[in-house]
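Comments concern the structure below.
Note on naming: letters A, B, ... go to the chains in the order of the sequence lines (proteins, then strands), and numbering restarts at 1 for each one. These figures come from a predicted structure and were not determined experimentally.
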Amino acid sequence: MPEIKKSEKELSTVYSPAQVENKWYPIWEKSGAYKPAENGNDSFTLMIPPPNVTGILHMGHVLNISIQDVLVRRARMLGKSTLWLPGMDHASIATEAKVTKMLKEDGINKREIGREEFLNHAWKWKEKYGGIIFQQLKKLGASCDWDREKFTMDADYSKAVMKVFVQLYNDGLIYRGERIINWDPQGQTALSEEEVIHKDTKGHLWHFRYPLSDGSAHLVVATTRPETMLGDTGVAVNPKDDRYTDLVGKTVLLPIVNREIPIFADDYVDMDFGTGCVKVTPAHDTNDFEMGERNNLDIINIFHPDASLNENVPKDYVGLDRFEARKKVVEAIETLGFLEKIEDYEHSVGHSERTDAVVEPYLSKQWFVKMQPLAEPALEVVKDGKVKIYPERWVKTYNHWLENIKDWCISRQLWWGHRIPVWYKGDKIYCGLVEPEEDGWVQDPDVLDTWFSSWLWPFATLGWPEKTEDLKKFYPTQDLVTGPDIIFFWVARMIMAGLYFCKEIPFSNVYFTGIIRDKQGRKMSKSLGNSPDPLDLFEKYGADAVRVSILMIAPQGLDILFSEERLEQGRNFMNKLWNSARFIRMNLDEGPLEKLSNLDDEKLDSTDRWILSRLNNVIEEVDKAYSEYKMNEAIKKVYDFTRADFCDWYIEFAKTRFYGDDVEDRKTAQIVSVHIMRIILKLLHPYCPFITEELWESFKKPEEKLLISETWPLSDSKWINNDVEQDVQILMDVISAVRNIRASLNVSPAKEADLSIRGNENMCDSLCKNENYLQRLAKLNDIQFGENIAKPPQSATAVVKGLEIFVPLAGLIDINKEVERLEKQIQDMEGRLNAVTRKLDNQNFVERAPEDVITHERNKMQNYQDDLTKLQENLNSLQN
RNA sequence: GGGCGGCUAGCUCAGUUGGUUAGAGCGCCACGUUGACAUCGUGGAGGUCACAAGUUCAAAUCUUGUGUCGCUCACCA
C-alpha cells in the first residue's frame, strides 16, 4: 500500500487535465505497454480501420477510437498478448484530387508533368501532410503499437496487393470487360457501385415527340436526361403493347441529329409508365445497353471523360458540358415543335462519394472481380455464427448485399495507387508479379480501387503472404470496430478476402458504432461547419472527459446526438473522481497501509461489508456488459457506483471514522477506502486512462508500476452479501427520510434534531449499531430505538420499510405543512395498495400466476397496509 | 417500392427472459459553503411509455396494424 509523506499529501482542488494528459502518453509508450506481451495467455488483436492519408480527426473517430482503446486496454489488463495495429490507407481519389489541386495552384498541370513526376509530388505530399491524424489519436490516448504502423502503399503491403490480383486472375476471378460503369467526370475515373450515392433530386421529365421516318405520325418518349437523346439509337416498346404493334420494325427520325433509328419491341419496357415508348441510349444507360445488346443497336458514346460532348454529336453541341447541352437540346426540341410537355419529377441521381459529381453511366473497358464465388463463404461464416455482428440487425443488411452481389469494378483511371500488374502486347495479355522481359509490353495505366488493398488489411498488415511470426500469432484477429457505412466497402470484403487467401475468418466480432450527429440530428460535415474540432474539446474538457462523455451517451449502435454541453457530465465526473481520491489520500495516516486481505475480518463494520459487496457486484455487472459489447453500460455502472455508492455514501460514512478516536477503526476505513479506490481506478482506466494513471501513483503499492500494465479486477463472490446490503439500505433510507422531513418542513440542515425510531427488534438493533452514522449524516442529536417507543409530541413522522421514525420538532414544526406532507405520502401509499389489491382480487391472477409472484404480491400488500395504517395513525395524532 | 431503426420526464437517452405506481444525465424549483469536490451537496416537482387493436392473470416490454421522423437498398425511362 502507498506510503504517504505529509508533504506530498495535497492535490489541487480542481482537476486540470492538460498537464496530466501530456505527461503519460510518452511514458506508456516508452514502457513498452503498447507492445503485445511476449508471454500473454491468449492473444487479442484489433486492427484500426485505416483512416485516409488525407484524414483529420473528427468526432466519428473519437467515438470509434475510444471504443477500440477501451477494448484494447481492458484486454491488456486481462493479461492477453494485445496488439492494436495502426495504419492508414492511400485514398486514391481523395489524395490524387488534393495533390492535383495543389499542383494546379502552383501552375503545374498533372498531365504535362506525367505519371512519375506526379507520383513524386504525391509522395512528398504524403510525407508532409499524411498521418496528421495519428498525432491526434495520441492526444486521445490511443494505445496502438506504433512500431507496427502500416500504410497500404508500403512496399510489403503493395506486394500483397499484387499477389492477390495475380492469384485472382489466375483463378479466373478477375476479368476485363467492356461494360457500363459508374463514371465520375470530375475525378475522371470509374467507380464501383458502392461509391455511388443516390440522392433524391427534384428534376423534370421531358416528353419529346420523335417523328416517324415516313412522316406518317410521331411517338412520344420521356426522359430525365434530354442531352442523352443525341446518342439515341432506338426506341423501345413492349411487345404486348397493342398501341404500337404496327410501329415495331419502322424507324423514327431522331430530331436534331436526323439519324434514322429503329423502333423495336423489348420486354423491359413498362407499358404503364409514361407513353410506353422508351428512347434508348446504349452507351449511357445500363438498361439501354442491355436492350441494345439484345436488339443489335448501334452504340454511340457522346461524352468525353469530363462529360462534355464529343465529336459524335452535331457540331453545335461538341464541347458543351452535359448540363449546358441539356438546356440547348430542350430549346432546340421546342423550336422544332417536338416538345410535348415538361413535368416536375423527383428521382434519384447518383453522385460520386468522393467528389460529389453527378455520376455518368459510361461504357468503358474495366477490370472486375467476380464476386459470387467469394460471397458464398462470407455468407456462411456469419450465418453459422463464426463471425458475430453487433448489433445483430446489421446481419440482414450484410446478407442482402451478399445475396445480390454484383461484380466489383476495381480499375481506376488514376495514378496514385497500386498499378494493375497487367501488360499488353498487341492482343496478348500478361498478368504477373514481374514485368515481362521481352520488349514491347505495355503496362495497363490504371490503378486499383483503394478498397482492393484495404480488404487485405487484417493479414497484409501482419506480413502476408510471408509466413511471419506476427501472422501466426495475431491472425485471425478478434474484434473489429467500425461504422456501418462501410459494411460493404470494407467489412464484407475483408471477410471474403480472409476466407479466400488465409482460409480463416479475419475477426470474430464486428462492432458497429453509431454515427455522430449534431443536436438537430444532422450528420457532421465540413460544409455545414457543425463538426467541432476534437482537439479543441480535449483542451477545454480533457481527453478523458471527452472519452467518458461520448462513451456514456453512445448507446450500442444507435446514432448519437452530440452537443458540447454533454461533455460536462464527463468533465464533472473526472473532477469528482479526482477529489474523492484527493480526499482519501488526505486522510491516510503516515506510513504503509495494510492490505485488505491481511485485515482481520472482524474489524470490518457494516458499511465496509456493504461497499465491498456492492463493489463485487459491480465488477460482475461490468464484465457482463463488456461481454455483450455494451460499453456504455459498463461505464454507466462504474459511474453510478463511484458517485452514488462510494462518494455519496461510503465516504460520508467513513468521515465519522476518519475523524474519530478509534485508531483501529480509522485504519480499517482507510484500508477499505484505498481498496475500493484502487479498483475503481482499474475499472475506469480503459475509459479515462490519463487521470486514472495519474491517481494510481497515489494508490499503488511500492512494487507496482504503471496502471496500464496492471491486472483487471476479479469479482470475488465471498464479498457479496445481500443481508448487509439490505441493512445498510435501510440505514440510508432512514437518513433520507429525515432529510426529507427537514427539507419539506424548512428546518435548517444545520439545526440538530432528535430522532425516535419504532420498529421490530432486529431492525432497531442493526440501526443502533450504526447510530453514529445516523447522527452524522442526518444531523441528529439524541436517538431512541425500540419496539414500544412512544411518539413524541409535535413530531414529524415517516414510515420506512415498516419502521416509524419520529422527528420531534417542538416549536419548529408547522402543523399544516406536516399534515400536507403526510397526506401526500398516504395518497401515494393508497395508490400502491390499490394496485396490489386489484391484482390479488383478480381470481384469474391468483389461479394462474406463478407461486412466487403471488407471494411477492401478498407480502407487498401486507407491507403497504401496515405502512398505511401507521401513516394514518400519525396523521390522526397530529390533527388531535 | 423493399429492408432496418427511433418514437419513454422540458431536452438527450437507459429500461435484460413480460411481474415494485417506469430510471439517469442535463434543465427546473427549494435549501445549503456541514473539515474532498459549487465541475459540489441535500430534498423536490415533472411521464396515458406515439396511436389503435390483439395475446396474457399481468404489456413500455410480445403480435398485428397506423402515424411520424431518420437511415439504407432498388434500372421504371
Side-chain angles (χ1 to χ4, degrees), chain A residues 11 13-15 198 205 221-225 228 236 268-270 272-281 285-288 290 347-348 361 391 393-394 396-397 400-401 404 484-485 487-488 515 517 519 521 523 541 545 549 552-553 555 557-563 565-566 568-587 624 628 630 632-633 636 639-640 647-648 651-652 655 658-659 736 739-744 746-750 776-777 779 828 831-836 839 842-850 852-854 856-857 860 864:
Chain A
L11 297 171
T13 65
V14 174
Y15 174 58
H198 292 276
L205 195 58
V221 296
T223 181
T224 54
R225 299 193 304 148
T228 62
Y268 166 76
V269 179
D270 179 352
D272 299 328
F273 187 86
T275 59
C277 299
V278 182
K279 66 184 265 315
V280 182
T281 325
D285 182 283
T286 319
N287 299 306
D288 290 8
E290 285 165 11
H347 62 136
S348 113
R393 66 191 149 82
W394 289 109
K396 249 187 176 167
T397 308
H400 183 261
W401 185 74
N404 298 281
D485 48 333
I487 185 167
F488 312 137
I515 294 166
R517 298 168 181 284
K519 233 182 186 169
K523 256 187 182 173
Y541 297 90
S549 305
M552 274 210 290
I553 63 178
L558 288 182
D559 290 356
I560 296 131
L561 301 193
F562 177 83
S563 67
E565 308 94 72
R566 305 195 73 177
E568 285 172 16
Q569 189 180 4
R571 181 198 57 185
N572 296 353
F573 182 45
M574 295 300 96
N575 191 57
K576 187 80 179 170
L577 179 68
W578 178 262
N579 273 292
S580 57
R582 177 172 154 256
F583 178 71
I584 290 166
R585 206 189 134 105
M586 226 158 87
N587 284 288
K624 182 165 177 279
E628 294 163 352
K630 292 182 177 169
N632 62 325
E633 211 168 290
K636 211 50 182 85
Y639 176 91
D640 285 343
C647 292
D648 291 350
I651 291 185
E652 291 304 322
K655 280 178 182 172
F658 287 159
Y659 307 137
S736 294
R739 285 169 174 170
N740 178 320
I741 286 172
R742 306 180 90 110
S744 37
N746 283 333
V747 176
S748 155
R776 183 184 168 91
L777 272 65
K779 197 81 185 168
D828 179 77
R832 288 166 191 265
L833 187 58
N834 272 337
V836 178
K839 237 186 214 180
N842 183 343
Q843 203 55 37
N844 284 325
F845 173 73
V846 184
E847 278 167 19
R848 303 194 187 186
D852 56 328
V853 173
I854 296 172
H856 183 66
E857 294 298 316
K860 242 163 62 182
Y864 291 163

Using a cutoff of under 3.5 Å, can you pull out all pairs of nitrogen or oxygen atoms linking the protein to nucleotides 59-62 of chain B, with atom names and distances?
none

- request: Go through the structure and list residues passing salt bridge (Lys or Arg N to Asp or Glu O under 4.0 Å) with A:Arg832, not counting sequence neighbours.
  value: A:Asp828

- line: Heavy-atom contacts, protein to nucleotides 22-32 of chain B, under 4.0 Å, summarised as B (base), S (sugar-phosphate only) or - (none) per nt, yield --SS-----S-

message: Both atom distances under 3.5 Å, Watson-Crick or G-U wobble: I'd like the secondary structure of RNA chain B as a dot-bracket string, with | for pairs made across strands.
response: (((((((..((((.....[...)))).(((((.......))))).....(((((..]....))))))))))))....

- line: Sequence neighbours excluded, the answer for side-chain hydrogen bond (donor to acceptor under 3.5 Å, both in side chains) partners of A:Thr228 is A:Lys279

query: By salt bridge (Lys or Arg N to Asp or Glu O under 4.0 Å), which residues pair with A:Arg566, not counting sequence neighbours?
result: none

Identify all pairs in which a protein N or O lies below 3.5 Å from an N or O of nucleotides 6-9 of chain B, and state each distance.
none

- request: Please identify each residue that fulfils side-chain hydrogen bond (donor to acceptor under 3.5 Å, both in side chains) with A:Lys655, with sequence neighbours left out.
  value: A:Glu652

field: Donor-acceptor pair present, A:Glu652 side chain and B:A36 base, under 3.5 Å
entry: yes

- line: Residues passing the side-chain hydrogen bond (donor to acceptor under 3.5 Å, both in side chains) test with A:Trp394, sequence neighbours excluded, are none

message: Could you work out, with salt bridge (Lys or Arg N to Asp or Glu O under 4.0 Å) as the rule, every residue matching A:Glu847, not counting sequence neighbours?
response: none

- prompt: Got a sec, which residues hit salt bridge (Lys or Arg N to Asp or Glu O under 4.0 Å) with A:Glu857, two or more places apart in sequence or on another chain?
  reply: A:Lys839, A:Lys860

All N/O pairs under 3.5 Å across the protein-nucleotides 74-77 of chain B interface:
| unit_1 | atom_1 | unit_2 | atom_2 | d |
| --- | --- | --- | --- | --- |
| B:C75 | O2 | A:Tyr268 | OH | 3.1 |
| B:C76 | O2 | A:Asp270 | OD2 | 2.8 |
| B:C76 | N3 | A:Asp270 | OD2 | 2.5 |
| B:A77 | OP2 | A:Tyr345 | OH | 2.4 |
| B:A77 | O2' | A:Ala222 | O | 2.6 |
| B:A77 | N6 | A:Asp270 | O | 2.7 |
| B:A77 | N6 | A:Phe273 | O | 2.7 |
| B:A77 | N1 | A:Asp270 | N | 3.2 |

